[in-house]
Amino acid sequence: MNKAIRIGIVEDDPDWRRGLADYLAGEADFKLIWTASSGSELRMALHDAEEAADVILMDIMLDGRPEGILLAEEVSLSTGARIIMLTSMEEKELILQSFHAGAIDYQIKSSFERLPDAIRQAYRKQSPISPEAAEQLREEFKRLKALEREFEVKKVSDLITPSELQLLGLIQEGYSQPQIADKLFITLRTVKNHVNHILKKLGVDGSKEAAAKVKNMGLLDQKDHRK
């Protein structure tokens with residue numbers, strides 16, 4: 001017979017805590033070893049329990065505050081139990097903080113029927129991220145990617161002078177270096193010096209690569225507006 005999965009519950013709503021305990025009691029492979037309604041009760045349960053919990057269901061909001069996130073980090077570091085965060089709302093910032101604290105899954109309370117499978121997967125260390133959490137994480141990754149691109153564009157924009165940007169625009173349009181020299185009324189040597197400076201600034205090997213880089217960043221679209 002397979003060993004029962006030992007479960008702890010941290011939930012400050014007595015009705016929800018009782019209902020959750022009763023619901024999970026219907027699963028033959030589960031063993032509820034303690035419940036707690038606060039951080040102090042949780043620490044006492046961990047200290048007094050004869051068996052260590054394999055999976056802990058942790059309510060994010062305790063007494064109106066997201067104390068569950070701090071407790072998740074504390075418990076994860078001290079016991080190694082797999083933690084599933086529970087909440088009644090889809091809050092992106094709390095989801096991200098929960099995973100950062102060491103939780104391996106995040107479940108919405110209204111979808112409690114998914115909990116048995118989530119507990120089994122957490123126990124086997126096979127937890128897929130819940131659809132709600134996955135969507136929030138995707139949005140956060142997109143936001144971070146956009147910030148990263150914005151930072152990179154700003155960095156390049158600060159490096160490149162208006163005259164260098166003009167030169168790159170001409171390269172992007174297909175002008176050769178001699179043609180650029182004639183068009184801008186400068187010497188070919190000056191063009192080559194400008195190109196060499198640009199390549200060093202952008203960390204690329206060729207002028208066409210440099211021109212493509214600033215074009216992809218949208219900087220060539222701004223060159224006529226820069227002073």
Side-chain angles (χ1 to χ4, degrees), residues 1-62 66-142 144:
M1 180 177 178
N2 292 332
K3 182 179 116 175
I5 301 173
R6 298 165 299 188
I7 300 169
I9 297 175
V10 183
E11 166 61 55
D12 64 347
D13 184 323
D15 292 332
W16 214 92
R17 186 171 64 249
R18 189 181 311 111
L20 182 56
D22 290 344
Y23 178 69
L24 297 180
E27 303 295 325
D29 55 338
F30 290 173
K31 180 180 180 181
L32 181 62
I33 58 174
W34 53 258
T35 65
S37 63
S38 64
S40 58
E41 287 188 13
L42 167 61
R43 295 182 187 99
M44 187 179 300
L46 293 174
H47 180 269
D48 295 341
E50 295 181 359
E51 299 178 272
D54 299 307
V55 178
I56 295 175
L57 304 179
M58 179 79 72
D59 188 15
I60 285 184
M61 301 299 292
L62 296 173
E67 186 182 355
I69 294 174
L70 296 177
L71 292 175
E73 184 172 18
E74 179 182 328
V75 172
S76 178
L77 291 173
S78 64
T79 72
R82 272 77 88 187
I83 299 171
I84 298 174
M85 305 302 291
L86 302 177
T87 185
S88 57
M89 56 187 174
E90 298 178 25
E91 175 58 51
K92 178 173 68 175
E93 187 60 31
L94 295 181
I95 291 175
L96 298 173
Q97 289 178 24
S98 297
F99 283 110
H100 185 71
I104 65 172
D105 200 359
Y106 179 104
Q107 294 288 332
I108 304 299
K109 288 182 179 180
S110 59
S111 301
F112 64 90
E113 70 278 358
R114 295 202 306 232
L115 278 175
D117 284 341
I119 290 170
R120 294 183 184 102
Q121 290 164 341
Y123 177 70
R124 294 193 297 264
K125 298 183 180 180
Q126 297 174 342
S127 292
I129 298 176
S130 66
E132 295 84 2
E135 178 60 26
Q136 298 290 5
L137 288 173
R138 280 193 292 269
E139 289 301 315
E140 180 64 7
F141 289 145
K142 285 196 288 187
L144 292 175

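All residue numbers refer to positions in the sequence shown, counting from 1. Below, all heavy atoms of this structure are taken into account, side chains as well, without hydrogens, waters or symmetry copies.
Contact detail for Ser98 and Ile60: the closest heavy-atom pair is OG-CD1, 3.4 Å. Counting all heavy atoms, side chain and backbone alike, Ala101 lies closest to Ser76 at O-CB, 4.1 Å. Listed here is the closest heavy atom pair of Glu113 and Pro116: O-CD, 3.5 Å. Considering every non-hydrogen atom in both Ala4 and Asp54, the closest pair reads O-OD2, 4.0 Å. Across every non-hydrogen atom of Ala52 and Arg6, the tightest pair is O-NE, 3.0 Å. Closest approach of Gly8 and Ala53 over heavy atoms only: N-CB, 4.1 Å.
Taken to the nearest 0.5 Å, the CG atom of Leu20 stands 8.5 Å off from the CD1 atom of Ile7. Put simply, CE on Met58 and CG on Leu42 are 5.0 Å apart, with the number rounded to the nearest 0.5 Å. Expressed to the nearest 0.5 Å, how far NZ of Lys109 lies from CG of Leu115 amounts to 10.5 Å. Note that CG of Leu46 and CZ of Arg43 are 9.0 Å apart. Values are rounded to the nearest 0.5 Å. To the nearest 0.5 Å, atoms OG1 (Thr35) and CD (Glu41) are separated by 7.5 Å. Here CD1 of Ile33 is found 6.0 Å from CD of Glu51. Values are rounded to the nearest 0.5 Å.
By the 4.5 Å heavy-atom criterion applied to side chains, Thr87 and Ile108 are counted as neighbours. Using a 4.5 Å cut-off on side-chain heavy atoms (C-beta onward), Ile5 and Ile119 make contact. In this structure, Leu71 and Glu74 have side chains that are in contact, with non-hydrogen atoms separated by less than 4.5 Å. No side-chain heavy atom of Glu11 sits less than 4.5 Å from a side-chain heavy atom of Leu57. You'll find the side chain of Arg17 reaches within 4.5 Å of the side chain of Pro14, heavy atoms only.
Using a cutoff of 4.0 Å between basic side-chain nitrogens and carboxylate oxygens, Asp105 and Arg82 are not scored as salt-bridged. For the pair Asp15 and Arg18, the salt-bridge criterion is met [side-chain N within less than 4.0 Å of a carboxylate O].
Annotation for Lys31: atom NZ does not count as buried by contact number, only 12 or fewer foreign heavy atoms lying within 6.0 Å.
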Step-by-step salt bridge (charged side-chain N to carboxylate O under 4.0 Å, His left out) determination, Arg114 to Asp117: CA-CA 6 Å; Arg114 295 202 306 232; Asp117 284 341; over 6 Å; no
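No donor-acceptor pair closer than 3.5 Å links the side chain of Glu27 to the backbone N or O of Asp29. Put simply, the side chain of Asp59 never gets that close to the backbone of Val10: no donor and acceptor are under 3.5 Å apart.
With sequence neighbours left out, the salt bridge (Lys or Arg N to Asp or Glu O under 4.0 Å) criterion links Asp22 to no other residue.
For residues 19-54, the pairs satisfying ring-ring contact (aromatic ring centres under 6.0 Å, His included) are Tyr23-Phe112, with sequence neighbours left out.
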